[in-house]
Amino acid sequence: MSVLQEMSPNVKHMRQLEYAVLAKKAILIREELKQGVRKPYKDVIDVCWGDPHRAGIKPLSFVRQVLAACLYPQLVNSDKLPVDVRQRAQRLLQECCGGSVGSYTATRGIPEIVQRISEFITRRDGGAPSPSENIYISPGSQWALTNMLKILVNSEASTRTGVLTPVPCHSTTTLSLEGLGAVIVPYYLSERQGWELQVEELQRALESAKGVCNPVALYVINPGNPSGHIQSRKSMQEVIRFVSEKRLFLLADEVYQECVYGENSEFVSYKRVLAEMGPPLSDTVELASFHSASKGYMGECGLRGGYVELVNLDPAVMIYIYKIFSKDSCAPVLGQMALDLMVNPPQPGDPSYPLYDLEKQHIRTALVHNVKKALAVLNSLPGFCCQPVEAGIFVFPRIHLPPKAIQKAKEVGLKPDTFYCSRLLEEAGVMVTPGCEYGQKEGTFHIRFCIMTPEDIMEELLKRLSSFHTQFMEDFS
Amino acid sequence: MLMFAKGNEGGNFTPVQKGGAFTSKSPSKSRSKSPPNPAQCAQDKNRETRALSSLSATRRGLPKEKMSENGVVSRAKVLTIDTMNPTVKKVEYAVRGPIVQRAVELERELSEGMKKPFAEVIKANIGDAHAMGQQPITFFRQVLALCSYPELLNDTTFPEDAKSRARRILQSCGGNSMGSYTASQGIDSVRQDVARYIERRDGGVPCDPDDIYLTTGASDGIVTMLKLLMCGEGADCTGVMISIPQYPLYSAALAELGAVQINYYLNEENCWSMDISELHRALDEAREYCNPRALCVINPGNPTGQVQSRQCIEDVIRFAAKERLLLMADEVYQDNVYADGCQFHSFKKVLFEMGPEYSDTVELVSFHSTSKCYMGECGFRGGYMEIINMDEEVKAQLSKLVSVRLCPPVPGQALMDLVVNPPQPGEPSYAKFIKERTATLSALAEKATLTEQVLNTVKGISCNPVQGAMYSFPSITIPEKAIKEAMDIGQQPDMFYCMRLLEETGICLVPGSGFGQKDGTYHFRMTILPPKDKLQILLNKVKEFHEKFTDDFIASNQNAPGLKGQEFLRRQSHTGLQQLKSPDSSLAHQWNEVMRSHSISCSSAGPALSG
């Protein structure tokens with residue numbers, strides 16, 4: 001009999017992702033394709049994750065050149081790479097202990113990089129100071145978020161800790177909350193208002209937690225994932241007043257801050273809005289803001305570089321935060337460097353600037369094109385309805401599934417939108433995730449897919465999706 | 001009710017930044033009214049603003065509720081010591097603890113031109129080979145550079161085997177980029193290579209790639225497994241057996257998870273061996289108050305440097321089988337074996353040689369990493385774990401748990417692949433690879449011997465042979481008077497010793513108390529990683545310091561601490577606070593303790609003179 005027969009109940013309570021069902025299927029399909037089995041498509045387009053490189057986006061040359069030179073310092077002295085690349089690599093190497101990316105770094109990250117992140121935040125936020133002691137680099141922003149939750153979620157109290165969490169919300173955070181034994185207190189974003197966050201709904205959610213759990217934090221994702229919504233300054237001010245009044249810790253997931261393209265849309269950080277609101281709010285509301293090298297135009301998910309900035313935390317608590325992060329030793333050094341290059345890209349006049357700018361604009365153009373195209377196509381299909389997408393790298397359209405399809409899904413033991421995704425994968429070789437993965441209003445169905453892809457891939461995807469969908473609706477009408 | 005200031009669109013506020021918060025001038029006046037502040041007289045004003053010093057935490061007094069000038073009650077913090085997850089309070093991580101923070105401060109002070117009795121800080125506190133000048137393996141870095149910037153595949157100066165390896169790794173990455181997420185368990189082809197490596201290492205014992213999980217350094221795997229084990233409350237709460245001395249990751253992770261730490265002591269007299277009778281003692285006692293479910297073993301040992309015999313491993317396996325414990329084998333130093341007659345035996349190999357009675361039943365997890373051995377690539381955070389004899393259900397739960405991490409860093413995965421699949425005879429890079437690896441490992445072996453020899457010449461220091469790993473963990477004799485002085489300021493005696501060593505010589509070691517030790521014994525952990533000439537100097541300095549320290553505290557009964565002593569105490573209060581243990585563990589209390597002991601040691605100078 002296994003020692004591990006009894007396992008952590010928190011881990012057991014973690015949901016099994018719907019993605020797992022699709023991933024298994026995709027492996028089989030890819031295997032069949034390899035063996036030459038005939039399908040109506042030659043390859044699987046996988047746009048499940050916010051994973052731009054997987055979806056075909058090329059890494060930024062400047063970033064990869066600098067990393068290559070840091071990895072193999074002989075390149076610093078060769079003429080194979082542009083001079084500013086070599087200078088940058090040389091500087092970064094000097095900041096590593098022993099001049100090697102193979103060394104551990106300080107717990108919060110390489111001090112000079114942390115300092116430059118702090119300067120970036122200050123520039124971004126119109127001068128609001130960002131002391132570097134409050135910044136922790138981590139193996140991806142999600143890791144930092146989990147560390148913060150470890151401190152916020154009381155694992156010993158008889159009343160469980162609650163965290164107000166948006167619906168829809170990307171799955172990693174909700175899984176993390178489940179794994180820590182926290183209660184997810186859902187607040188629904190208003191789909192009809194373009195996935196707006198409404199304070200009345202926060203009120204309702206908080207009320208609903210009464211007698212169930214002890215809510216300590218509000219988690220917001222801005223720009224939204226999967227919603228693609230971007231909050232206005234006014235909305236953020238309301239949220240800040242709400243958390244202040246209700247005594248909640250504010251967790252702001254801001255990893256898509258670089259990807260904003262809606263007309264009249266602008267990213268403003270919670271930190272900035274908070275600072276601008278002045279005292280007493282600006283020196284009391286406790287905030288953790290997360291950012292990452294994985295998203296944005298750099299899209300370096302695999303390097304695992306992210307950071308959290310902590311605002312207004314009790315210094316006595318900061319000591320424990322340091323200990324929690326210490327235990328992880330440090331974030332991967334290449335991920336730290338990617339962050340540095342993200343916050344300090346080449347400037348006009350630098351030898352690498354023209355290529356860097358060209359590549360970045362290329363990605364941006366593709367993204368803007370893809371959003372427009374996806375919205376146009378989706379909204380032209382019967383049964384699909386997609387809210388305007390202003391930011392982020394996902395679309396999250398609603399699908400009105402025919403009753404027969406819902407019935408069929410029940411028969412095969414799948415959730416209705418998982419059933420749809422599964423068929424889409426099988427019949428059209430397009431891999432997207434169902435709305436139930438992220439939470440949705442009872443009786444509504446959605447799909448999510450990443451739109452940060454090369455334009456031709458998005459065209460192909462939309463073509464496959466359209467013909468599949470038409471057939472699907474016919475089959476189940 | 002709260003009063004809200006109107007939003008200031010221009011952003012032209014001028015908050016004063018202090019220790020982790022926007023602190024505007026008006027409403028927080030009460031904050032600056034904190035307990036008497038010795039640092040006001042400190043010369044180094046900068047230090048005051050360093051947020052992570054425990055001092056700054058207490059200096060401000062942290063009122064629960066504070067009145068602003070207009071009489072409106074503003075709110076206290078949501079997240080405080082009292083409201084945060086209580087398990088976090090017990091977390092200590094000595095290898096990155098206060099002594100290291102002080103070392104960083106000293107480095108900065110040196111760079112700012114401050115005068116010190118030493119020219120540089122030598123960090124022998126952490127197993128960070130490259131930081132100490134060890135060179136990376138050229139082949140590994142060539143492949144990784146190629147993976148990072150594949151345009152270099154057209155460059156003729158890179159060897160062909162490096163290129164083909166890079167192509168292979170890239171082909172298994174989504175979009176042929178190391179920038180894509182991988183499966184949470186890790187890249188398939190890397191896991192296959194790891195499995196083949198384990199089979200070769202273990203003389204053909206089969207290994208299923210499905211049992212391999214790539215991790216963010218070995219520590220990620222260890223924490224993941226411990227988390228999975230956590231269940232039950234009170235006397236049913238999961239207990240985990242760890243060696244004392246131990247690597248503080250284990251105690252920190254267990255504290256954070258709220259598990260019960262079950263200490264079993266290694267036998268220092270017998271070269272830090274593991275005694276089965278001691279395992280029994282620890283287990284029997286623990287069964288009274290918890291549910292022991294796992295046994296952690298670090299082999300080769302950290303911080304103790306012993307290499308376990310085959311017989312000992314067999315005994316441990318029998319013990320685990322009989323007592324139904326999951327075995328967790330931390331084998332990250334598997335290539336770091338130096339002593340004659342010592343050899344690394346993996347737990348898995350021994351398990352399978354013991355026959356199906358054991359090999360079909362004992363649940364074992366083995367951890368490995370890219371950070372140690374001859375690679376020393378800590379910064380990549382690469383590692384793997386192999387799970388043996390686990391239920392399918394366990395694997396299902398494990399998969400969910402690792403998915404929260406999304407995936408381990410891809411360059412670390414790629415590096416792990418190269419470590420388990422290095423250049424082969426006949427390939428262009430083979431000769432160079434072997435040369436570099438041998439040079440690193442033989443230098444480490446030499447330094448292991450040197451360290452043991454020099455330390456054992458010091459009266460009051462006694463050191464077991466460094467058979468493996470990267471550390472020596474000598475026992476040190478601390479004079480009674482020093483012990484008393486340390487206790488008076490609420491410090492562990494070996495912390496006091498190491499802090500003093502740091503201040504006087506610039507050498508940064510970790511006190512034995514951070515790893516655990518038998519009551520009444522004191523140790524420090526020192527890495528053997530500095531280059532040989534530097535290590536020689538370091539050892540001599542430690543020797544000199546130890547002799548002087550002993551003399552001072554044995555001979556100084558008649559002397560007042562003097563100015564130097566006071567200065568020293570003041571510094572201690574900056575960095576040593578976290579080590580303080582006080583009944584309610586509140587920082588304010590700790591602060592008072594320090595203040596009290598500070599004033600006592602200063603004012604007691606008089607009476608001491610007459611006594």
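All chains are named by letter (A, B, ...) in the order of the sequence lines, taking the proteins before the strands, and each is independently numbered beginning at 1.
Heavy-atom distances place the side chain of A/Gln142, and not its backbone, under 4.5 Å from chain B. Both the backbone and the side chain of A/Ser329 have a heavy atom closer than 4.5 Å to some heavy atom of chain B. For A/Ile57, no part sits under 4.5 Å from any heavy atom of chain B, backbone or side chain. Heavy atoms closer than 4.5 Å to chain B are found nowhere in A/Ala55, neither backbone nor side chain. For A/Leu180, the parts lying near chain B are the backbone and the side chain together; criterion is any non-hydrogen pair under 4.5 Å. Within the 4.5 angstrom heavy-atom criterion, atoms from both the backbone and the side chain of A/Pro9 approach chain B. Within the 4.5 angstrom heavy-atom criterion, only backbone atoms of A/Asp328 (N, CA, C, O) approach chain B. Only the backbone of A/Val153 comes within less than 4.5 Å of a heavy atom in chain B; its side chain stays farther off.
In this structure a side-chain-to-backbone donor-acceptor pair under 3.5 Å is missing from A/Lys327 to B/Ala253. Of the possible polar contacts, one joining the B/Asn85 side chain to the A/Lys150 backbone as a donor-acceptor pair under 3.5 Å is found.
In this structure, SG on A/Cys48 lies 13.0 Å from OH on B/Tyr181, to the nearest 0.5 angstrom. Rounding to the nearest 0.5 Å places CG of B/Leu146 at 9.0 Å from OH of A/Tyr72. Annotation: the span from A/Leu17 atom CG to B/Ser403 atom OG amounts to 5.5 Å, rounded to 0.5 Å.
With hydrogens and angles left out, the side-chain atoms of B/His130 and A/Ser103 include no donor and acceptor closer than 3.5 Å. No side-chain N or O of B/Thr83 forms a donor-acceptor pair with one of A/Arg247 less than 3.5 Å apart. For the residue pair A/His53 / B/Ser180, no side-chain donor-acceptor distance below 3.5 Å is found, with atom types taken as modelled. Side-chain N/O atoms of A/Arg64 and B/Ser148 include no donor and acceptor closer than 3.5 Å.
For B/Asp128, there are no side-chain hydrogen bond (donor to acceptor under 3.5 Å, both in side chains) partners, not counting sequence neighbours.
Scanning all heavy atoms of the two residues, the minimum distance from A/Ile324 to B/Glu256 falls at CD1-OE1, 3.2 Å. Smallest separation of non-hydrogen atoms from A/Met14 and B/Lys400: O-NZ, 2.6 Å.
The residue among B/Cys378, B/Gly174, B/Gly175, B/Cys231 with the most heavy atom pairs within less than 4.5 Å of chain A is B/Cys378.
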